[in-house]
2 protein chains.
Amino acid sequence: MTDETPRAHPVRVLLAEDQGMMRGALALLLGMEEDIEVVAQVAAGDEIVDAALTHRPDIALLDIELPGLSGLDAAAELRERVPGCRVLILTTFGRPGYLRRAMDAGAAGFLVKDGPVEELAGAIRRVLAGETVVDPALAAAALSAGPSPLTGRECDVLRASADGATVADVAAVLHLSESTVRNYLSAAIGKTGTRNRAEALRAARQRGWV
Amino acid sequence: MTDETPRAHPVRVLLAEDQGMMRGALALLLGMEEDIEVVAQVAAGDEIVDAALTHRPDIALLDIELPGLSGLDAAAELRERVPGCRVLILTTFGRPGYLRRAMDAGAAGFLVKDGPVEELAGAIRRVLAGETVVDPALAAAALSAGPSPLTGRECDVLRASADGATVADVAAVLHLSESTVRNYLSAAIGKTGTRNRAEALRAARQRGWV
DNA sequence: AGATCGGCAGGACAAATGTCATGGGTGCCG
DNA sequence: CGGCACCCATGACATTTGTCCTGCCGATCT
């Protein structure tokens with residue numbers, strides 16, 4: 001609660017990452033920095049907001065693929081309920097669509113795990129200084145991808161069609177008629193410019209439309 | 001250079017991991033241990049053997065999903081060409097089939113990235129002491145899965161059917177007739193006890209049959 | 001030599017999938 | 001109010017996919 005000059009106390013960081021080894025390694029790594037302190041670590045998306053409310057971090061470092069709640073959804077919720085906390089997304093996949101959705105969710109930065117570790121602490125400091133940290137190449141790709149042309153239902157059906165689920169399966173899960181499911185699927189295939197569900201799902205994921 | 005008690009020199013470790021952040025963090029982490037020295041880091045599977053030949057590590061810490069050559073294939077090659085080097089597999093996915101194939105490839109240990117970081121250094125020491133390090137629950141699952149009933153061609157066709165490739169696509173890639181492709185696919189679906197290619201591929205992957 | 005297994009292919013058939021046209025219902029916006 | 005987009009549903013249709021049966025070839029084992 002005592003904030004005075006630029007950097008009175010170390011940056012308080014919340015770390016959300018499901019892989020134990022990665023989480024531990026990152027925490028150790030960040031802990032070695034003079035001006036950074038990892039105040040909370042969580043392994044599931046639905047623990048993020050609670051942890052942020054109790055530990056009041058300056059920055060939340062969020063993975064996207066998390067059990068419970070996606071890091072992107074958690075980011076959106078953080079913006080509302082813990083406004084003082086900036087969000088830095090740290091993810092395996094540099095999909096253009098992820099970046100788009102991260103920005104929509106109010107993230108202040110977007111890092112891929114491919115980069116060197118040294119980038120991380122720097123990105124945290126830059127985000128805290130008010131900068132928006134994004135890989136320029138990725139930003140370009142995200143812009144060229146455009147917004148999603150898929151309707152909500154088309155998304156649902158596409159998602160439910162993963163892993164070899166049949167039309168009947170999807171219809172049962174979503175309480176739709178089989179005809180309707182096929183219609184949505186056909187629409188999604190058309191909009192993605194692909195030849196079948198599998199390709200459509202792949203394309204939609206790639207562009208962040210699901 | 002300074003020899004003390006148990007070991008004359010620190011354990012020489014080769015680290016193969018494609019995610020830069022993970023690789024860097026692990027290297028830093030292991031480097032902090034007194035008795036461990038990371039002598040080489042590579043990001044691609046096809047660099048592993050070369051690096052091992054030049055740096056002569058005691059242990060190779062290998063991810064499975066790597067560009068170029070899979071960590072499992074690299075492990076098999078290491079056993080042949082760098083016999084003094086033990087292999088410890090470190091992977092995201094605790095699929096039973098991965099474990100099976102790792103053991104077939106002559107790995108001395110199998111760790112999942114989910115576990116705590118502290119496990120890692122301990123596992124390295126235990127492997128070096130001659131132990132075989134495997135998660136017991138995973139070992140049980142691997143045994144219950146049984147060996148692959150799929151023939152070589154059935155595997156090929158299944159793999160080529162990923163991501164929505166059509167029968168015609170697969171036939172073209174593998175230089176087969178469409179009838180033949182459908183026959184293999186049908187056989188694979190039957191042997192996996194599934195309903196279509198997508199499920200068959202999923203099941204086969206899960207059990208390590210591809 | 002005969003039996004067996006795997007690779008390869010063709011045909012015939014049923015089931016699942018994808019396409020299209022059509023229509024009704026809702027809510028939103030100009 | 002009239003469009004407009006989205007949701008949901010039918011029915012008809014072409015295409016793709018999955019199943020089954022048959023057959024040929026070569027390698028391997030007994």
*Is the charged tip of B:R101 near the ring of B:Y98: under 6.0 Å from the six-membered ring centre and within 45° of its axis?*
no

_Donor-acceptor pair (no angle test) under 3.5 Å: B:N183 side chain, C:dC8 base_ = no

*asked:* Tell me if the CZ atom of B:R125 is crowded by more than 12 foreign heavy atoms within 6.0 Å.
replied: yes

*Apply the test salt bridge (charged side-chain N to carboxylate O under 4.0 Å, His left out) to residues B:D169 and A:R195: give CA-CA distance (whole Å), side-chain angles for both, the deciding distance (0.1 Å), then the verdict.*
CA-CA 12 Å; B:D169 293 342; A:R195 295 172 301 170; 2.7 Å; yes

*Is there a donor-acceptor pair closer than 3.5 Å between any side-chain N or O of A:E154 and the backbone N or O of A:T151?*
yes

_With a 4.0 Å cut-off on N to O distance, would you call B:D63 and B:K113 a salt bridge?_
yes

_Exceeds 12 heavy-atom contacts within 6.0 angstrom, atom CZ of B:R205_ = no

*asked:* From C-beta outward on B:L185, which listed nucleotide comes closest to its side chain: D:dG18, C:dG18, C:dC8?
replied: D:dG18

_Donor-acceptor check, side chain of B:T192 to backbone of B:A188, threshold 3.5 angstrom: yes or no?_
yes

*Looking only at side-chain N and O atoms, does B:R153 come under 4.0 Å of OP1 or OP2 in C:dC8?*
yes

*Scan residues 171-178 of chain B against DNA chain C and write down, sorted by residue number, each residue with any heavy atom closer than 4.0 Å; if none is found, say none.*
B:L176, B:S177

*asked:* C:dG6, OP1 or OP2 - any side-chain N/O from B:T151 closer than 4.0 Å?
replied: no

*Side-chain donor or acceptor of A:R182 under 3.5 Å from a matching atom on the base of C:dG18?*
yes

*asked:* Looking at A:T180, I'd like to know whether one of its side-chain N or O atoms comes within less than 4.0 Å of OP1 or OP2 on D:dC8.
replied: no

*Is there a donor-acceptor pair under 3.5 Å between the side chain of B:R197 and the backbone N or O of B:T166?*
no

*Sub-4.0 Å heavy-atom contacts from residues 195-205 of chain A onto DNA chain C, ordered by number*: A:N196, A:R197

*Axial bend angle, the helix from C:dA1-D:dT30 to C:dG30-D:dC1: five-pair end segments, nearest 10°*: 30°

